[in-house]
Amino acid sequence: MAQVLPAERDLRRVIGDGESIPDGEVDGLDESDFLELYRSLVLLRTYDERSVVYHRQGRIGTYAIFWNHEAMQAGSVHALEDEDWIFPSYRESAIGLLRGMPPATVLSWWRGHPAGWWNPADYNVASICVPIGTHVPHAAGLAWGKKLRGESACAIVYFGDGATSEGSFHEGANFAGVLRAPLVLFCNNNQWAISTPLSAQTAAETLADKAAGYGMPGVRVDGCDVLAVYEATRAAVTRARAGDGPTFIEAVSYRTAPHATADDPRAYIDLERVEEERQRECLGRYAGYLRRLGLLTDELERDVKAEAAQAMRDGIARAEAEPPADPALVFEHALVDPPASFGSDLAELRRILGR
Ligand SMILES: Cc1ncc(C[n+]2csc(CCOP(=O)(O)OP(=O)(O)O)c2C)c(N)n1
Ligand SMILES: [Mg+2]
């Protein structure tokens with residue numbers, strides 16, 4: 001029988017507020033780790049902010065904004081080894097950047113261009129999953145496969161609060177629990193599934209409570225505290241590698257940006273709460289922590305931001321330099337036996353596009 005720990009109700013936190021709440025410490029991180037985490041947060045933040053601008057300029061398509069989700073992504077990836085597999089949802093579209101994927105690749109994905117399709121084995125980063133929760137069983141299967149082969153690698157799968165209502169989430173979590181697969185189930189609880197609030201999503205007191213039903217520990221962390229996320233993920237990865245099976249991490253935040261560039265949250269969200277949450281956004285909180293430790297100077301901050309901005313300028317230039325894709329790709333790889341109408345559909349598409 002699995003040893004089930006009761007889901008922790010209090011949010012784990014490390015970063016204080018510089019006033020009444022003191023900073024905590026994380027064992028095992030040195031100065032270069034702290035700065036590496038900072039670079040990752042800035043890279044993701046810059047990617048996100050520039051992408052909204054590129055969308056407004058018509059240079060990428062509809063884009064799922066992840067502003068203030070960076071701590072969940074950077075904190076957890078830093079707790080992994082490169083051999084570990086990452087299964088992102090659309091909210092973690094740029095997480096590959098933390099594994100060395102060029103910004104142009106991710107930008108091409110959002111441009112709907114084949115240059116945005118990467119080989120998952122090149123980075124141990126699976127394809128971006130847009131259907132909600134369907135990648136949870138994939139991640140469970142890959143993790144189980146690693147265990148069967150006697151390899152030490154594990155997997156992490158990212159999904160939202162809304163995904164926990166999906167059958168795929170249940171199937172993947174149950175499968176991982178029963179087989180004690182080395183998997184981290186990372187739930188980005190931003191308290192909204194487009195316009196559906198968490199209160200309409202579940203009657204459970206916390207999402208971490210669901211873990212008990214799958215025979216795995218459930219951990220709750222402040223999703224805007226990069227160090228708390230790092231620590232919780234590191235503990236989950238250690239359990240996974242030790243053969244103790246999966247862990248469910250509920251990283252709690254509050255969505256402070258629209259669901260995507262096609263959404264207008266003013267129709268449903270509490271704007272005062274959004275404003276309050278923006279004051280506590282994850283990058284500023286971590287920068288404050290580093291400054292209190294004496295590790296971040298104005299000059300370093302300027303340099304790191306300039307480097308990230310340059311990477312994005314180069315990325316969009318490279319993505320836009322790609323020759324237009326062959327329209328035939330829309331029809332390829334869809335069906336083993338394509339219907340005859342595909343031929344005339346393609347001819348029509350070529351006529352409309354003029355190529
Ligand atoms: C299977 C499926 N059903 C519905 C949708 C439409 N849809 C896109 S995003 C979304 C909300 C998901 O919310 P959540 O899981 O909380 O993730 P978040 O967007 O907040 O990161 C829905 C329902 C979808 N993509 N896939
Ligand atoms: Mg959500």
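Ligands are counted one by one from 1 in listed order, and the atoms in each one are counted from 1 as well. Keep in mind it's a predicted model, so treat the numbers as computed, not measured. Counting begins at 1 with the first residue of the sequence.
Heavy atoms of R255 found under 4.0 angstrom from ligand 1: none, in either backbone or side chain. Residue contacts with ligand 1 for D161 involve both N, CA, C or O and side-chain atoms from C-beta outward (heavy atoms, distance under 4.0 Å). Here N188 has side-chain heavy atoms under 4.0 Å from ligand 1, and that is the only part of it that gets that close.
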**Test log, rule side-chain contact (heavy atoms from CB on, under 4.5 Å), inputs F87 and Y158** = CA-CA 6 Å; F87 287 76; Y158 296 88; over 6 Å; no
**Request:** Go through the steps to decide whether W110 and Y54 satisfy the test ring pair (Phe, Tyr, Trp, His ring centres under 6.0 Å), and finish with yes or no.
**Result:** CA-CA 10 Å; W110 286 108; Y54 295 149; over 10 Å; no
**Request:** Let me see the working for E250 and N189 under side chain to side chain donor-acceptor pair (under 3.5 Å), right down to the final yes or no.
**Result:** CA-CA 6 Å; E250 176 189 356; N189 177 7; 2.9 Å; yes
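The Mg ion (ligand 2) has W192 among its coordinating residues (N/O/S atom, backbone or side chain, under 2.8 Å). For a distance bound of 2.8 Å, the N, O or S atoms of N190 include one lying that close to the Mg ion (ligand 2).
The contact set between ligand 1 and R91, taken as ligand atoms under 4.0 Å from a residue heavy atom, comprises 18 (P), 19 (O), 20 (O), 21 (O). Of all the atoms in ligand 1, the ones that sit under 4.0 Å from a non-hydrogen atom of N190 are 18 (P), 20 (O), 21 (O). The H259 neighbourhood of ligand 1 comprises atoms 9 (S), 19 (O), with distances under 4.0 Å to a heavy atom of that residue. Listed by number with element, the atoms of ligand 1 under 4.0 Å from a non-hydrogen atom of V130 are 25 (N).
For atom 12 (C) of ligand 1, the closest non-hydrogen atom on the protein side is Y90 OH, 3.3 Å. Taking atom 15 (O) of ligand 1 as the reference point, the nearest protein heavy-atom neighbour is A163 N, 3.0 Å.
The protein does not reach atom 6 (C) of ligand 1 closely, with no heavy atom under 4.0 angstrom from it.
Ring geometry, W144 versus F175: the interplanar angle exceeds 60°, so the pair is classed perpendicular (tilted spans 30 to 60°). Ring planes of F159 and F169: tilted class, angle from 30 to 60°.
For ligand 1, none of its N or O atoms has an N or O atom of P131 under 3.5 Å away. Between G162 and ligand 1, a contact under 3.5 Å exists for at least one N or O pair.
Just one of R273, R255, E277 meets the side-chain contact (heavy atoms from CB on, under 4.5 Å) condition when paired with Q191; it is R273.
Residues Y254 and F66 do not share a hydrophobic cluster, clusters being chains of Ile/Leu/Val/Met/Phe/Trp/Tyr side chains in contact below 4.5 Å.
Taking the Mg ion (ligand 2) as reference, D161 places its N/O/S atom OD1 nearest.
Considering each of T134, T164, I194, I132, the one bringing a non-hydrogen atom nearest atom 26 (N) of ligand 1 is I132.
Seen from the ring of Y230, R234 does not count as a face-on cation partner, given the 6.0 Å and 45° thresholds.
Between T256 and R278, the side chains place no donor N or O within less than 3.5 Å of an acceptor N or O (distance only, hydrogens not considered).
Using a 4.0 angstrom heavy-atom cutoff, W192 counts as in contact with ligand 1.
The shortest distance between side-chain heavy atoms of P258 and D264 does not fall below 4.5 Å. By the 4.5 Å heavy-atom criterion applied to side chains, D263 and Y268 are counted as neighbours.
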